[in-house]
Amino acid sequence: MRTLISQSQLEAGVRDLAAQLNQQYADRPLTVLGVLTGSVVLLADLIRQLEMPLRVGVLQARSYRGAATTAGELVVNLELMPAVEGCDVLLLDDIFDTGRTLDELVRRVRACGATSVRSMVLLNKVGRCEVDYQPDYSAFDIPNEFVVGYGLDYQDHYRNLPFVAALDPEEIAAESL
Ligand SMILES: O=P(O)(O)OC[C@H]1O[C@H](OP(=O)(O)OP(=O)(O)O)[C@H](O)[C@@H]1O
Ligand code: HPA
């Protein structure tokens with residue numbers, strides 16, 4: 001694997017995301033919803049730098065399964081999500097790739113009565129978007145490569161890496177290429 005974004009670059013990127021939110025929301029209460037599972041590392045690092053009255057919740061979305069590096073059917077589970085009616089919500093995810101996950105989640109959370117729904121991602125994979133939606137905040141543009149680390153997985157591994165790396169073709173199972 002090849003490192004694309006180092007630990008210190010990630011720290012600076014997350015600091016910058018937090019500063020944007022602290023400026024945008026100031027003293028307004030915010031509900032941050034982390035998209036399981038990939039957002040967990042970003043969620044933990046980001047919320048400790050937020051200064052507004054904050055609620056934290058999670059929901060789940062999954063479409064990349066097993067050895068696949070392309071999206072399959074999107075399955076959404078809102079059972080763990082707190083009530084968001086009348087709330088300003090920030091959906092937080094690790095990566096915007098085809099955009100199908102966030103596009104669907106923004107619609108679903110709006111339908112639950114949130115006052116506003118913005119979205120934030122760590123990584124924006126350039127040139128892959130398949131939807132008419134863009135995240136409101138992102139820290140890094142990355143090329144069209146399958147990446148792991150800092151929450152991102154391949155076959156449920158590598159989420160614990162403190163940096164973001166691109167997998168080389170020989171590290172990706174032959175059946176998913
Ligand atoms: O923009 P998209 O093409 O929709 O891809 C982005 C989504 O894919 C990944 O989730 P995944 O389905 O791998 O589930 P996970 O978070 O549990 O790993 C990632 O965490 C995002 O939620
Ligand atoms: O590049 C990626 N890596 C890991 N998970 C992902 N989900 C969408 N794109 C990616």
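Indexing begins at 1, ligand by ligand and atom by atom, following the structure's order. All values derive from a computational prediction rather than experimental measurement.
Listed by number with element, the atoms of ligand 1 under 4.0 Å from a non-hydrogen atom of I95 are 6 (C), 19 (C), 21 (C). Within ligand 1, counting atoms from 1 as listed, the ones closer than 4.0 Å to a heavy atom of A61 are 14 (O). Remark: ligand 1 atoms within the under-4.0 Å shell around heavy atoms of G38 are 16 (O). Less than 4.0 angstrom separates some heavy atom of D153 from each of these atoms of ligand 1: 18 (O). Heavy-atom proximity to S63, at under 4.0 Å, picks out these atoms of ligand 1: 12 (O).
Side-chain atoms of N124 do not come within 3.5 Å of backbone N or O of S138 as any donor-acceptor pair. For K125 (side chain) and E145 (main-chain N/O), a donor-acceptor pair under 3.5 Å exists by modelled atom type. When atom types are taken as modelled, the side chain of N77 and the backbone of E79 share a donor-acceptor pair closer than 3.5 angstrom.
Note on ligand 1: E130 sits outside its first shell, no heavy atom being nearer than 4.0 Å. Residue contact check for ligand 1: L36 places a non-hydrogen atom closer than 4.0 Å to it.
With a 4.0 Å cut-off on non-hydrogen atoms, D93 touches ligand 1 through its side chain and not its backbone. Residue R159 touches ligand 1 through its side chain alone, judged by heavy-atom distances below 4.0 Å. With a 4.0 Å cut-off on non-hydrogen atoms, T37 touches ligand 1 through its backbone as well as its side chain.
Side-chain contact between V14 and L122 is present, with at least one heavy-atom pair separated by less than 4.5 Å. Using a 4.5 Å heavy-atom threshold, the side chains of L46 and L21 count as touching.
Looking at A71 next to ligand 1, no N or O pair under 3.5 Å apart turns up. By the 3.5 Å distance cut-off applied to N or O atoms, V35 is not counted among the residues near ligand 1.
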May I have the N/O to N/O pairs between ligand 2 and the protein that fall below 3.5 Å, each with atom names and distance to one decimal?
residue: ligand 2; atom: 1 (O); partner: K125; partner atom: NZ; Å: 2.8
residue: ligand 2; atom: 1 (O); partner: V147; partner atom: N; Å: 3.0
residue: ligand 2; atom: 3 (N); partner: V147; partner atom: O; Å: 2.5
residue: ligand 2; atom: 9 (N); partner: D97; partner atom: OD2; Å: 2.7

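Contact between C87 and T31 at its shortest, heavy atoms only, is CB-OG1, 3.9 Å.
No chain of hydrophobic side-chain contacts below 4.5 Å, direct or via other Ile, Leu, Val, Met, Phe, Trp or Tyr residues, connects I5 to F96.
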Report the C-alpha distance between D45 and Y150 in whole Å, list the side-chain angles of each, state the deciding distance to 0.1 Å, and finish with yes or no for side-chain hydrogen bond (donor to acceptor under 3.5 Å, both in side chains).
CA-CA 10 Å; D45 283 349; Y150 201 76; 2.6 Å; yes
Walk me through whether Y133 and R100 qualify under side-chain hydrogen bond (donor to acceptor under 3.5 Å, both in side chains).
CA-CA 9 Å; Y133 178 80; R100 292 189 177 281; over 6 Å; no
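L92 CG to L105 CG: the interatomic distance, rounded to the nearest 0.5 Å, is 11.5 Å.
Atom 3 (O) of ligand 1 has its nearest heavy-atom neighbour, among N124, L122, T98, in T98.
Within 6.0 Å of the CG atom in N144, the count of heavy atoms belonging to other residues, nucleotides or ligands exceeds 12.
Atom 19 (C) of ligand 1 has D94 OD1, 3.1 Å as its closest protein atom, hydrogens excluded (heavy atom only). Protein heavy atom closest to atom 13 (O) of ligand 1, with residue, atom name and distance, is Y64 CB, 3.4 Å. When hydrogens are left out, the protein atom nearest atom 7 (C) of ligand 1 is T101 OG1, 3.5 Å; that is the closest non-hydrogen contact.
A side chain to side chain contact (heavy atoms under 4.5 Å, CB included) with S63 is found for exactly one of L74, D97, V75, namely L74.
Residues meeting the side chain to side chain donor-acceptor pair (under 3.5 Å) test with R110, sequence neighbours left out: none.
A salt bridge links R62 with D153: at least one charged nitrogen is closer than 4.0 Å to a carboxylate oxygen.
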